Amino acid sequence: MSIDDVALRPVAEDDLPVMERFLIDPETAAPFQWFGWWDTGRWRRQWAENGLLGDDGGHLMVVRGAERLGFVAWRQVRPTRTTVYWNMGINLLPEARGRGVGTEAQRQLVRYLFANTTALRIEADTEADNLAEQRALEKVGFTREGTLRSIAFRDGQWRDAVRYSILRGDLA
């Protein structure tokens with residue numbers, strides 16, 4: 001699979017079943033994103049409201065031509081009343097993993113957010129055992145900030161995560 005053709009685009013209504021696989025199929029979400037069955041209508045309601053693109057966050061499909069590979073998402077973080085930045089993440093279908101797609105999609109999302117918002121900072125969290133995602137974030141230019149102890153409960157136990165960030169000035 002070539003990463004040259006990987007692109008981000010707004011979510012279309014017929015993309016929603018692809019996204020919903022991460023909510024209803026443990027094999028699609030495994031090994032790091034399966035947290036049990038979720039409300040499968042949540043993205044449909046948000047899509048009907050704003051196309052999954054809002055002032056406080058959004059979702060974009062990761063595609064290669066007509067092939068849907070997964071999606072990226074971001075949400076607003078407001079640590080003080082005068083400060084706003086983004087937290088972003090990615091979900092790729094199993095067949096798209098391990099081929100550089102995630103790195104390229106996240107690189108494009110960082111560029112998109114810095115080009116279209118005034119945010120100075122973008123952060124991303126991943127489980128401490130998710131070494132592939134950590135490598136992808138580092139390839140994009142993220143800096144590892146530290147470990148968040150016991151931040152997520154998955155598969156019967158609390159999991160540590162690693163936080164990464166990239167600042168507007170970090171882009172080459």
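The basis for the numbers below is simple: all heavy atoms, side chains too, and nothing from hydrogens, waters or symmetry mates. Predicted model only: the values in this text are computed from it and were never measured.
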Does [X] use its side chain to pair, donor to acceptor, with the backbone of [Y] at less than 3.5 Å?
X	Y	value
Q108	V6	yes
W37	I24	yes
R75	D56	no
Q106	G102	yes
D160	S150	yes
R159	R154	yes

Listed partners of E123 passing salt bridge (charged side-chain N to carboxylate O under 4.0 Å, His left out), at least two apart: R121, R163
Please say whether more than 12 non-hydrogen atoms of neighbouring residues, nucleotides or ligands are located less than 6.0 Å from CZ in R111. no
Heavy-atom count around R149 CZ within 6.0 Å, excluding the residue itself: above 12? no
Listing request: all salt bridge (Lys or Arg N to Asp or Glu O under 4.0 Å) pairs with a residue in residues 30-48, at least two apart in sequence or in separate chains. E20-R44, D39-R45
Show the numbers, then the answer: is there a side-chain contact (heavy atoms from CB on, under 4.5 Å) between W47 and M19? CA-CA 12 Å; W47 189 87; M19 294 176 66; over 6 Å; no
With the side chain counted from C-beta on, respond yes when V62 and N91 share a heavy-atom pair under 4.5 Å apart, and no when they do not. no
Cluster link I90 to Y85, ILVMFWY, side chain under 4.5 Å: no
Identified side chain to side chain contact (heavy atoms under 4.5 Å, CB included) counterpart of M61 within the set V72, L52, D15: D15
